[in-house]
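Please see the structure below; I have some questions.
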Number of protein chains: 2
Amino acid sequence: MSQHRHPGAPGRAGAVPTLPDLPEATVARLPEYLRALHNLADSGHETVSSEGLANAAGVNSAKLRKDLSHLGSYGTRGVGYDVALLIEQIESVLGLTQCRSVALVGVGNLGHALAGYDGFATRGFRIAALFDADPARVGEEINGLVVRHVDELSRVAAEQLISIGVIATPARAAQAVADQLVAVGVTSILNFAPCVLSVPEGVDVRKVDLAIELQILSFHEHRKASLTALPGTAGSALTALPGGLAATDTQEAIGT
Amino acid sequence: MSQHRHPGAPGRAGAVPTLPDLPEATVARLPEYLRALHNLADSGHETVSSEGLANAAGVNSAKLRKDLSHLGSYGTRGVGYDVALLIEQIESVLGLTQCRSVALVGVGNLGHALAGYDGFATRGFRIAALFDADPARVGEEINGLVVRHVDELSRVAAEQLISIGVIATPARAAQAVADQLVAVGVTSILNFAPCVLSVPEGVDVRKVDLAIELQILSFHEHRKASLTALPGTAGSALTALPGGLAATDTQEAIGT
DNA sequence: CGCGATTTGTGCACGTCTTCACAAGCGCCT
DNA sequence: AGGCGCTTGTGAAGACGTGCACAAATCGCG
């Protein structure tokens, strides 16, 4: 995760036109709200209540209101939130008003899929360049982009501003790639390699490890299995457990 | 805190003693520790200090000690942790002593990559079956597995116990797939589709959304960029550049 | 115009997570 | 044996995140 520092605490000066350092948990949920809002806009909704948006995003309505309150009062009491306005605001806060360029390093199994994933383009990201260290892969064309050798990274980065670097290499190559990315000025990295990256301060790294997700699920499976083996209530003993049961961030079943 | 329990005599029939409900944050880190421990074991280390393991896992040493303390006292003061023993314990807690079967639904761009990802097999997971709704994809063989039609899910699930379901379909198909998985008894789902799943209580859902990760990074990029602007520039309107908003819809291109 | 229905925004209390700091325990050396 | 250095395990305190409950604000309608 990213670590940042609190700069000196300056007193609040008047209104809030700039970014009032959002809580990290809120930032992590804003993209989910944004996706839900786009869905609502597509289906013709012009306004939405906190309850409605919270349901669509899979969170508690109080949490949603608090999250949104952090970026200002863009709702209307008694009515709800204007969908278009809220989209605009969240995109502004997330810095999505500009299309950001992504450099993808490692065009193996996973990288190949990422290069072809249209979920990036549809949400304001453009894959600007593909790299790989394997000469056999250099020159291959994926989705209209030619794979270049990773050593060309600095040259390519000089041509176009790279906003985010994505690492989809094997673990043993990830740190070297990260170093190269940092060297060309990339300060945000999304790491799919199963390893810890060491980066200088000011560089944000987010990690996605598919196996870890499975292992976390495995734990819950294991726990549930050992609970059913316990005495007494067979069947769905789960529903009888106290509220603290699944403390994961999994969404609850949305009541109808 | 509560009593740490002993692993129990191996001769005794009966499962590992009941799991002392671990904090969820701890559970999420255990797989990372496990990976670091395997690396250490491979490089010949027999013991490791909390400081060393914490570095390898990218966390604070105090946090690591507290995490490990939740599963018992498996360290030796003045020495550190026995690597092999700790691996054994964490794998036991995570329920990784048995190989878990995974059903993967959606063999599109991402699903194809997941089916070929060896990071699953190397960490105790076996992809037991592949499914897709597109008849054109049914019958295709990936990594030695034949893609079956999703309607066969219940029949296949009857043959072999499915521990975890992975959804890699377009968003519009995800809920139906989730319902089918739940219907055949799956209680753990890993969802790659960008949507909220509604599942009954007792079913765990973890979500991985690649675009969301990028958007979170985008926020930090945006914040860093606005910090580099001198603090003297107060009140620079963020929305001053609405020329060509690239805010396309979240409508996913459906491939199946 | 005023009133009631509705919904936002938020103060407050509570629970969870993180970090510090240190006592307790272990091994080694003299 | 005894002391010394090192490391774990753990209270305690603080930071952070969550959810309740309600006042404030707005709209629609008679």
Side-chain angles (χ1 to χ4, degrees), chain A residues 1-6 9 12 15-16 20-30 32-33 37 45-83 85-86 89 242-252 255, chain B residues 1-6 20-30 32-33 37 45-83 85-86 89:
Chain A
M1 291 298 207
S2 56
Q3 70 252 356
H4 0 99
R5 56 182 63 252
H6 274 197
R12 294 183 320 157
V16 194
D21 47 334
L22 275 350
E24 188 59 30
T26 295
V27 174
R29 283 187 293 264
L30 285 182
E32 195 75 44
Y33 302 156
L37 284 166
H45 294 71
E46 295 204 346
T47 64
V48 64
S49 69
S50 65
E51 190 72 25
L53 183 53
N55 274 353
V59 300
N60 185 301
S61 72
K63 197 189 306 195
L64 180 131
R65 286 199 299 276
K66 184 149 292 186
D67 282 341
L68 294 187
S69 76
H70 284 127
L71 33 112
S73 289
Y74 295 109
T76 306
R77 299 179 189 226
V79 177
Y81 298 92
D82 182 285
V83 173
L85 175 63
L86 201 48
Q89 285 305 321
L245 167 64
T248 64
D249 57 354
T250 62
Q251 66 266 16
E252 299 293 321
Chain B
M1 273 322 231
S2 61
Q3 59 301 350
H4 48 69
R5 25 177 96 256
H6 210 62
D21 49 340
L22 265 12
E24 188 57 32
T26 295
V27 174
R29 284 187 293 265
L30 285 181
E32 195 76 44
Y33 302 157
L37 283 166
H45 294 72
E46 295 203 347
T47 65
V48 64
S49 70
S50 66
E51 189 74 24
L53 183 54
N55 274 353
V59 300
N60 185 300
S61 71
K63 197 189 306 195
L64 180 130
R65 286 201 298 276
K66 181 143 291 192
D67 282 341
L68 294 187
S69 77
H70 284 127
L71 33 113
S73 289
Y74 295 110
T76 306
R77 298 179 189 225
V79 178
Y81 298 91
D82 182 285
V83 172
L85 175 62
L86 201 48
Q89 284 305 319

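Letters A, B, ... mirror the listed sequences (proteins, then strands); counts begin at 1. What you see is a predicted model, and the numbers here were worked out from it, not measured in a lab.
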query = Among dT8(D), dG9(C), dC17(C), which is the nearest nucleotide to the side chain of R65(A)?
reply = dG9(C)
Short side-chain N/O contact from K63(B) to OP1 or OP2 of dT19(C), under 4.0 Å = yes
query = Quick one: which of dT8(C), dG9(D), dG27(C) gets closest to the side chain of V79(B)?
reply = dG27(C)
query = side chain to side chain contact (heavy atoms under 4.5 Å, CB included) between Y81(B) and L37(B): does it pass, once the steps are laid out?
reply = CA-CA 10 Å; Y81(B) 298 91; L37(B) 283 166; over 6 Å; no
Atom-to-atom span, CG of D67(B) to C1' of dG9(D) - whole angstrom = 13 Å
request  = For L71(B) and dT8(D), give me the distance from atom CG to atom P, rounded to whole Å.
outcome  = 14 Å
message = Is it the case that the base of dT8(D) and the side chain of R77(B) share a donor-acceptor contact (distance under 3.5 Å, atom types as modelled)?
response = yes
key: Atom of A54(A), atom of S61(A) and distance for their closest heavy-atom approach   = CB-CA, 3.5 Å
ask   = Start at the 5' end of DNA chain D and walk down; is the nucleotide closest to V48(B) or to K66(B) reached first?
value = V48(B)
Nucleotide dG19(D), atom P - distance to CG of L64(A) in whole Å = 12 Å
message = Name the residue from T26(A), N55(A), V59(A) that meets the side chain to side chain contact (heavy atoms under 4.5 Å, CB included) definition with L64(A).
response = V59(A)
remark   = Testing dC20(D), dT18(D), dA25(D) for proximity to the side chain of A62(A), the answer is dC20(D)
inquiry  = Measuring to OP1 and OP2 of dT18(C), would you say a side-chain N or O of R29(B) lies under 4.0 angstrom away?
reply    = yes
ask   = Counting side-chain heavy atoms from C-beta on, which of dG17(D), dT7(C), dA23(C) comes nearest to P23(A)?
value = dG17(D)
task = Specify the separation, in whole Å, of atom CG of L68(A) and atom C1' of dT7(C).
result = 13 Å
message = Can you measure L85(B) atom CG to dT8(D) atom P for me and round it to whole angstrom units?
response = 14 Å
ask   = Do any side-chain nitrogens or oxygens of Y81(A) fall under 4.0 Å of OP1 or OP2 in dT26(D)?
value = no
query = Considering only dT7(C), dC17(C), dG17(D), which nucleotide approaches the side chain of E24(B) most closely?
reply = dC17(C)
request  = Mind calculating the distance between CD (E51(B)) and C1' (dG9(D)) to the nearest angstrom?
outcome  = 15 Å
key: d(CG, D82(B); P, dC26(C)) in whole Å   = 15 Å
task = Would you kindly give the NE2-to-P distance between H70(B) and dT16(C), to the nearest whole Å?
result = 11 Å
query = Counting just side-chain N and O atoms, does S50(A) come under 4.0 Å of either OP1 or OP2 of dT7(C)?
reply = no
inquiry  = Looking at every heavy atom in both Y33(B) and D67(B), which two are closest together, and how far apart are they?
reply    = OH-OD2, 2.5 Å
inquiry  = So, does T76(B) get its side chain near the phosphate of dC26(C), meaning an N or O under 4.0 Å from OP1 or OP2?
reply    = no
inquiry  = What's the separation between atom CZ in R65(B) and atom OG in S49(B), rounded to the nearest 0.5 Å?
reply    = 9.5 Å
